Chemist: 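What follows is a single structure, and I will ask about it in a moment.
What you are looking at is a predicted structure, and each value in this text was computed from that prediction instead of being measured. For reference, positions follow the sequence shown, starting with 1. Remember, it's 1-based here, ligands and their atoms both numbered in the order they're listed.
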Amino acid sequence: MGELEVHKHVQYILAVEKKKDSFEALVMEHLRMNGAYWGLTTLDLLQNIAVIDQEEVISWLMSCWDKESGGFSGTVGLDPHLLYTLSAVQILALFNRLDVLDIDKVSKYVAGLQNEDGSFSGDMWGEIDTRFSYCAICCLSILHSLDKINVEKAVKYIVSCKNLDGGFGATPGGESHAGQIFCCVGALSITGSLHHIDRDLLGWWLCERQCTDGGLNGRPEKLADVCYSWWVLSSLIMIDCVHWIDKSKLTEFILNCQDRENGGISDRPDNAVDVFHTYFGVAGLSLMEYAGLKPIDPAYALPIDVVNRIFFSKC
Ligand code: GRG
């Protein structure tokens, strides 16, 4: 299985950032803020964030801020959305530069997307999804502004998306999916509401996601994919059932998805690598305490030292 190719992955992320004219860069352009969060968090987990010019990133990030609404867009000139607002806030937290934000305006934007039933729309166009509940709650928590929303209603809405199998969907009645489960468990964890979860039932559903190849899938009958190493494992950790997974088989699966020559991690062995899977592979290994990686917080999806700084330091 071999080791984690730390140096190759650092070089890969730096190279992706430079290749602005490639096909991948063009089709990903509208979600560049997410890409920046994935790449930068990976560099930090790999203990290599110092290779980045933070001022350059912050200046680009702030050019994606829409003063009118208070939200961030995926790249310069597009419409703001909760998905990108959370990534922007996470990047600034990573850099310890939340001071550049107009926290009041950003948190008002997020709070303004809460609906009467407690759910959240992703943006002004109104799509509702538990992904957006997570983005709003995580973002406001980092900004110490959870008091700007009705947390009780937000929790009630998330609980209304719980299914008979113990999992959660995107909306009430929606199929359980590991990605949505991460969002719901993460939001419940941040708001201190994990008692709404049937731990044994959900733990069973989540550990059933481990396939014979060692990797994890996102729902029954699907193929394993490296990204579920994050969505499933983080949820299992939050409900204290991570020992129900075979960690060494999962570690082997992730390490076998590395491009050992050019760096990067793919969804499955021998497929093409990308920044999304590189982040979730490294983050999954970090959750399993892989040697040399910074530990990551399963609810905030940020290195634990960053989360500690947000909540336990005055500076
Ligand atoms: C800060 C980590 C972090 C996340 C922010 C956006 C978000 C909150 C969470 C997304 C959760 C989610 C729905 C993840 C699933 C992503 C994914 C790989 C979807 C693929 O779905 P299908 O149906 O794939 O194409 P399967 O594997 O089911 O065949």
Chemist: For the backbone of Pro269 and the side chain of Asn256, can you confirm whether one donor and one acceptor N or O come within less than 3.5 Å of each other?
Modeler: no
Chemist: Could you pull out all residues at least two apart from Glu175 that satisfy salt bridge (Lys or Arg N to Asp or Glu O under 4.0 Å)?
Modeler: Arg219
Chemist: By ring-ring contact (aromatic ring centres under 6.0 Å, His included), which residues pair with Tyr37, not counting sequence neighbours?
Modeler: Tyr279
Chemist: Under 4.5 Å between any side-chain heavy atoms of Met28 and Leu31, yes or no?
Modeler: yes
Chemist: Would the His177 and Tyr228 ring centres measure less than 6.0 Å apart?
Modeler: yes
Chemist: Checking His144 now: which residues fulfil ring-ring contact (aromatic ring centres under 6.0 Å, His included) with it, not counting sequence neighbours?
Modeler: Phe311
Chemist: For ligand 1, run through the N/O pairs with the protein that fall under 3.5 Å and put one pair on each line.
Modeler:
unit_1: ligand 1; atom_1: 23 (O); unit_2: Arg219; atom_2: NH2; d: 2.5
unit_1: ligand 1; atom_1: 27 (O); unit_2: Tyr228; atom_2: OH; d: 2.8
unit_1: ligand 1; atom_1: 28 (O); unit_2: His177; atom_2: NE2; d: 3.4
unit_1: ligand 1; atom_1: 28 (O); unit_2: Arg219; atom_2: NE; d: 2.8
unit_1: ligand 1; atom_1: 28 (O); unit_2: Arg219; atom_2: NH2; d: 3.2
unit_1: ligand 1; atom_1: 29 (O); unit_2: Lys222; atom_2: NZ; d: 3.1

